[in-house]
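All chains are named by letter (A, B, ...) in the order of the sequence lines, taking the proteins before the strands, and each is independently numbered beginning at 1.
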Amino acid sequence: MAIVINGTEYPLPDDPRVSLLDLLREQLQLTGTKLGCNQGGCGACTVIVDGARVLSCLTLAVQADGREVRTIEGMVAADGGLHPLQQAFIEHDGFQCGYCTPGQICSAIAMVAEYRRGDPSYVTADLAEGPKGTTRQEIRERMSGNLCRCGAHNGIVDAIEELLAGEAP
Amino acid sequence: MRSFDYHCATNPAEALSIAGAAPARYLGGGTNLVDLMRQNIEAPAALVDVSRLPAVIEETPNGGLLIGAAVRNNVVAAHPSVRTRYPVLSRALLAGASAQIRNMATVGGNILQRTRCAYFYDAAGSHCNKREPGSGCDAIGGFNRYHAIFGASEHCIATHPSDMCVALAALDAVVHVKGPGGERDVPLLDLHRLPGDRPDIETVLQPGELITGVALSPSAAAAHSAYRKVRDRSSYAFALISVAAGLEVVDGRIADIRIALGGVAAKPWRALRAEEMLLGTDPAKERFLAALDAELAAAKTFDGNAFKVELAKRTVAAVLCELAGVNP
């Protein structure tokens with residue numbers, strides 16, 4: 001039993017009660033991922049498992065057996081610099097205290113992939129066709145699982161809008 | 001969280017056999033059960049992880065779909081056949097929770113999720129007959145904005161929180177179940193129980209029974225369907241009222257109509273009386289409102305949720321007008 005986190009393989013905990021979040025933070029000292037509500041309400045603990053954004057606080061670590069996990073520590077660019085979205089968060093004031101930011105970044109990176117493969121959201125007018133263009137309403141709906149209590153949501157949406165506009169596949 | 005044994009099942013037979021050996025709960029995405037275990041509201045001796053059972057959506061011989069219980073909510077919502085032939089289901093799923101939770105939650109787990117009644121969750125400070133039978137219900141006479149207007153009892157007024165199930169109720173979905181005694185099919189509408197004097201017993205499933213899939217039949221009303229959710233914030237919140245509806249109009253008359261309500265009962269509430277009144281009539285807003293008046297005459301409200309009657313009426317009428325293409 002093992003999981004791969006940011007390209008490195010780690011053994012799974014013996015105690016099945018350990019959440020993926022606690023494994024990251026308490027056992028592996030990967031403290032970039034944040035503990036917020038610990039009950040699936042805030043999105044601060046968002047990580048990407050096999051390409052899908054999930055809440056690490058509600059994931060039992062044993063359930064991630066054999067999976068590939070990406071955390072904020074794994075978002076660094078090949079040259080060691082910031083991910084383009086991290087840079088965009090800085091430029092658009094996408095945070096104040098920064099506590100929700102790792103979850104916002106992980107969530108948004110996976111969201112961009114969902115958007116590009118045409119997944120609909122609740123506000124997508126035509127479900128069959130999928131989203132058209134990149135509207136702020138779509139971004140806000142798709143990011144509603146990540147709360148920012150500093151109120152930086154407008155800057156966050158700006159940063160994601162820039163990422164979506166910038167590097168089309 | 002109390003300690004438990006964890007087993008990961010690779011096929012339904014294995015899941016049944018492990019669950020039969022020890023008092024166990026089946027584990028899907030864990031988005032509800034893990035939270036309840038952390039609060040010590042659920043304390044199973046063992047978890048049988050069924051989230052890795054085959055997760056496929058397949059065409060059925062009658063032209064419908066069979067959705068595996070382990071399919072994640074977001075995968076169902078984004079599936080091309082669901083989006084075109086059952087848009088109400090896709091939209092309902094997308095109305096639920098957040099993207100992260102939809103990526104985790106399974107179809108089986110969504111059906112079996114438990115109420116979000118705050119008194120049920122408040123183990124330290126509140127009485128709840130669902131959590132502790134016989135202890136009382138603090139929601140009655142308490143903060144009951146989110147609570148039931150249909151089918152409640154003096155013992156419990158909690159609602160079922162699922163959006164997906166409201167769509168499945170409108171679609172006459174059939175739940176496939178495997179258990180120690182064999183396989184059976186349960187209509188989604190018959191799966192959840194009303195509270196009566198045992199609000200802790202929420203479904204007709206027997207111990208050890210496992211949901212393996214959900215079957216959808218094809219229909220014109222399913223293909224022409226919609227879901228609308230009214231809530232206290234515009235996303236990532238449970239429903240005050242939600243409406244799943246499908247409509248088929250032939251030669252100016254309603255040939256098929258499905259109306260289901262969420263946020264109003266301990267189960268998805270099918271508005272059969274309103275459907276019956278509207279079948280065969282020509283669609284018009286006044287008729288929709290009159291049928292809903294008849295349906296909602298049976299509502300029993302509390303201080304905090306009396307607004308739901310008017311809200312349900314107007315929301316259903318708006319959705320039906322949209323589907324019928326008549327002036328709202």
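When heavy atoms are compared at a cutoff of 4.5 Å, S51(B) approaches chain A solely by way of its side chain, counted from C-beta outward. Both the backbone and the side chain of L55(A) come within contact range of chain B, with heavy atoms under 4.5 Å apart.
Of the residues considered (D65(A), V49(A), D15(A)), D65(A) shows the highest number of contacts with chain B, using heavy-atom pairs under 4.5 Å. Among A110(A), G130(A), G43(A), C57(A), the residue making the largest number of heavy-atom pairs under 4.5 Å with chain B is C57(A). When each of Q39(A), R142(A), Q63(A) is checked for heavy-atom pairs under 4.5 Å with chain B, Q63(A) comes out on top. Chain B forms more heavy-atom pairs under 4.5 Å with one residue of S19(A), G40(A), P120(A) than with any other, namely P120(A). In terms of heavy-atom pairs under 4.5 Å with chain B, the best-connected choice from V54(A), T59(A), T46(A) is V54(A). Note: N38(A) leads N38(A), L147(A), D119(A) in heavy-atom pairs under 4.5 Å with chain B.
Neither side chain, Q137(A) nor T135(A), offers a donor N or O lying under 3.5 Å from an acceptor on the other. Neither side chain, Q100(B) nor N103(B), offers a donor N or O lying under 3.5 Å from an acceptor on the other. Using a 3.5 Å distance cut-off with no hydrogens or angles, the side chains of T134(A) and E161(A) do not pair a donor with an acceptor. Using a 3.5 Å distance cut-off with no hydrogens or angles, the side chains of S225(B) and Y86(B) do not pair a donor with an acceptor.
Residue-environment remark: CG (D14(A)) stays at or below the threshold of 12 foreign heavy atoms within 6.0 Å.
Residue E42(B) forms a salt bridge (charged side-chain N to carboxylate O under 4.0 Å, His left out) with just one option from K130(B), R2(B), R114(B), and that option is R114(B).
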